[in-house]
Amino acid sequence: MPVAEQETALKQHAAPHLETPGPILLLGAPGAGKGTQSKVVMTAWQIPQISTGDILRGLRKDPTKANTPLGQQVRAAMDSGHLVSDSLVEQLVLDRLAHSDTHRGYILDGFPRTLAQANWLDTQLAQSAHAGDTAFERLPVVAVMVRVSYTTLMRRTTGRRVCPSCTRIYNMFFQPPQNDTVCDDDATVLMQRPDDTESVFAERLRTYDSLTAPVVEHYRMQGRFAEVDGEQDMERVTGSVFDAIVRLRS
Ligand code: AMP
């Protein structure tokens with residue numbers, strides 16, 4: 001499906017009404033569809049999607065930062081399937097949460113990814129709940145985990161190809177281009193993101209298992225947690241994500 005159509009299909013999704021969505025976490029392994037689902041929630045409820053992966057990709061592309069030691073640290077970690085340091089990512093999140101567009105809520109995509117980041121976020125939210133007097137500032141975080149099998153994750157990620165010219169996304173297993181290597185729309189040679197290659201993706205999954213899986217347990221223990229089946233078609237996953245958030249907020 002061309003990019004414009006993909007976006008229209010997402011925007012058209014009917015969401016239940018929720019006046020103050022508050023802080024929402026979408027958890028799940030790389031390739032589980034967190035980014036796609038976060039964008040639907042963002043559009044439906046008019047709250048920002050805060051993706052640490054996107055912020056970091058922006059930082060490494062920024063010509064004023066790319067060649068600094070910080071830019072190089074980010075590039076090395078991302079290209080090898082490892083995590084960027086907690087302190088750097090926490091600072092980026094703190095800066096982003098200070099923007100005024102977060103006043104009704106926000107959806108965090110790709111953060112927290114370590115127990116240290118989860119504890120840091122708990123502390124930040126507890127401080128703002130203590131200091132704040134609005135209903136939003138007292139709202140606890142809700143966490144939704146999108147669960148997908150490793151076989152599907154592997155296919156979704158290592159099969160992904162992007163047209164560098166029009167940004168249309170293909171998947172060699174599920175939505176291949178008509179000609180094996182080039183974009184159907186403009187015949188540009190398709191590319192694979194460096195962190196989608198099989199070896200890097202396997203490393204990302206190992207990182208997820210050892211560092212991020214405990215984060216899921218952390219939120220499960222806190223109680224405001226739900227799991228949705230990410231193997232369903234996209235619309236159904238979206239419906240399950242909305243239902244879970246509304247239920248957790250009630
Ligand atoms: P994503 O697009 O969320 O899959 O993130 C891409 C890459 O950015 C990850 O593989 C990590 O190298 C880095 N990254 C994103 N979020 C975090 C985070 N919360 N903590 C550390 N590294 C992160």
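Bear in mind the structure is a predicted one, so any value in this text is a computation, not a measurement.
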Subject >> Criterion side-chain contact (heavy atoms from CB on, under 4.5 Å) on V84 and T52, from CA distance to verdict >> reply: CA-CA 10 Å; V84 173; T52 44; over 6 Å; no
Subject >> CA sep, side-chain torsions, deciding dist, call: Q37, T238, side chain to side chain donor-acceptor pair (under 3.5 Å) >> reply: CA-CA 6 Å; Q37 298 302 332; T238 301; 2.7 Å; yes
**OP:** Evaluate the ring pair (Phe, Tyr, Trp, His ring centres under 6.0 Å) criterion for residues F242 and W45: first the C-alpha distance (whole Å), next the side-chain angles of each, then the deciding distance (0.1 Å), finally the verdict.
**Re:** CA-CA 10 Å; F242 278 129; W45 284 336; 5.0 Å; yes
**OP:** Applying salt bridge (charged side-chain N to carboxylate O under 4.0 Å, His left out), run through D54 and R57 and close with a yes or a no.
**Re:** CA-CA 5 Å; D54 285 351; R57 275 184 284 278; 3.0 Å; yes
**OP:** Test R168 against V162 for side-chain contact (heavy atoms from CB on, under 4.5 Å), laying out the working first.
**Re:** CA-CA 6 Å; R168 181 168 170 180; V162 185; over 6 Å; no
Subject >> Derivation and outcome, salt bridge (charged side-chain N to carboxylate O under 4.0 Å, His left out), residues D209 and R204 >> reply: CA-CA 9 Å; D209 275 341; R204 291 173 76 198; over 6 Å; no
**OP:** Walk me through it: do V146 and L27 pass the test side-chain contact (heavy atoms from CB on, under 4.5 Å)?
**Re:** CA-CA 6 Å; V146 183; L27 307 173; over 6 Å; no
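Under a 4.0 Å N-O distance rule, the pair D195/R160 does not qualify as a salt bridge. Under 4.0 Å is where a charged nitrogen must lie from a carboxylate oxygen, and between R236 and D243 no such pair does.
For the pair T102/P48, a side-chain contact is recorded, criterion being any heavy-atom separation below 4.5 Å from C-beta on. Looking only at side-chain heavy atoms (C-beta outward), L25 and I107 stay at 4.5 Å or farther from each other. Residues L121 and L108 form a side-chain contact, since some pair of their non-hydrogen atoms from C-beta on lies under 4.5 Å apart. Side chains of L92 and F111 form no contact here, defined as non-hydrogen atoms less than 4.5 Å apart. In this structure, the side chains of I47 and I24 come closer than 4.5 Å at one or more pairs of heavy atoms. For the pair Q49 and T43, the minimum side-chain heavy-atom distance is 4.5 Å or more. For the pair L59/M78, no side-chain contact is recorded, criterion being any heavy-atom separation below 4.5 Å from C-beta on. For the pair F225/L248, no side-chain contact is recorded, criterion being any heavy-atom separation below 4.5 Å from C-beta on.
Neither side chain, D196 nor T157, offers a donor N or O lying under 3.5 Å from an acceptor on the other. For E231 and T152, the side-chain atoms include at least one donor-acceptor pair closer than 3.5 Å. Using modelled atom types and a 3.5 Å distance limit, the side chains of Q222 and D122 yield a donor-acceptor pair.
Between the side chain of T123 and the main chain of N119, a donor-acceptor pair closer than 3.5 Å is present. Between the side chain of R96 and the backbone N or O of I50 there is no donor-acceptor pair closer than 3.5 Å. Side-chain atoms of K34 come within 3.5 Å of backbone atoms of G28 as a donor-acceptor pair (strictly under, hydrogens ignored). Q117 contributes a side-chain N or O that, together with a main-chain N or O of R113, makes up a donor-acceptor pair within less than 3.5 Å. No side-chain donor-acceptor contact under 3.5 Å links T188 to the backbone of S165. Side-chain atoms of R104 come within 3.5 Å of backbone atoms of Q46 as a donor-acceptor pair (strictly under, hydrogens ignored). Side-chain atoms of N171 come within 3.5 Å of backbone N or O of R155 as a donor-acceptor pair.
Every residue meeting the side chain to side chain donor-acceptor pair (under 3.5 Å) condition with T114, not counting sequence neighbours, appears here in chain and number order: D86. Annotation: salt bridge (Lys or Arg N to Asp or Glu O under 4.0 Å) contacts of R147 (sequence neighbours excluded): E227.
A cation-pi geometry, defined here as NZ or CZ lying under 6.0 Å from the six-membered ring centre and within 45° of its normal, does not hold between R161 and Y170.
Pairs passing the ring-ring contact (aromatic ring centres under 6.0 Å, His included) check and including a residue from residues 139-158, sequence neighbours excluded, do not occur.
The line from CG of L190 to OG1 of T181 is 7.0 Å long, rounded to the nearest 0.5 Å. The CZ atom of R193 sits 10.5 Å away from the CZ atom of F201 when rounded to the nearest 0.5 Å.
Residue G81 comes nearest to V200 through the heavy atom pair N-CG1, 3.7 Å, listed as atom of the first residue, atom of the second, then distance. L139 and G22 get closest at one heavy-atom pair: CD1-CA, 3.7 Å. Among all heavy-atom pairs drawn from V144 and A244, the shortest one is CG2-CB, 4.2 Å. Nearest approach of E90 to A116, heavy atoms of both residues: OE2-O, 3.9 Å. Nearest heavy-atom pair, P112 versus A118, reported as atom, atom and distance to 0.1 Å: CB-N, 3.5 Å.
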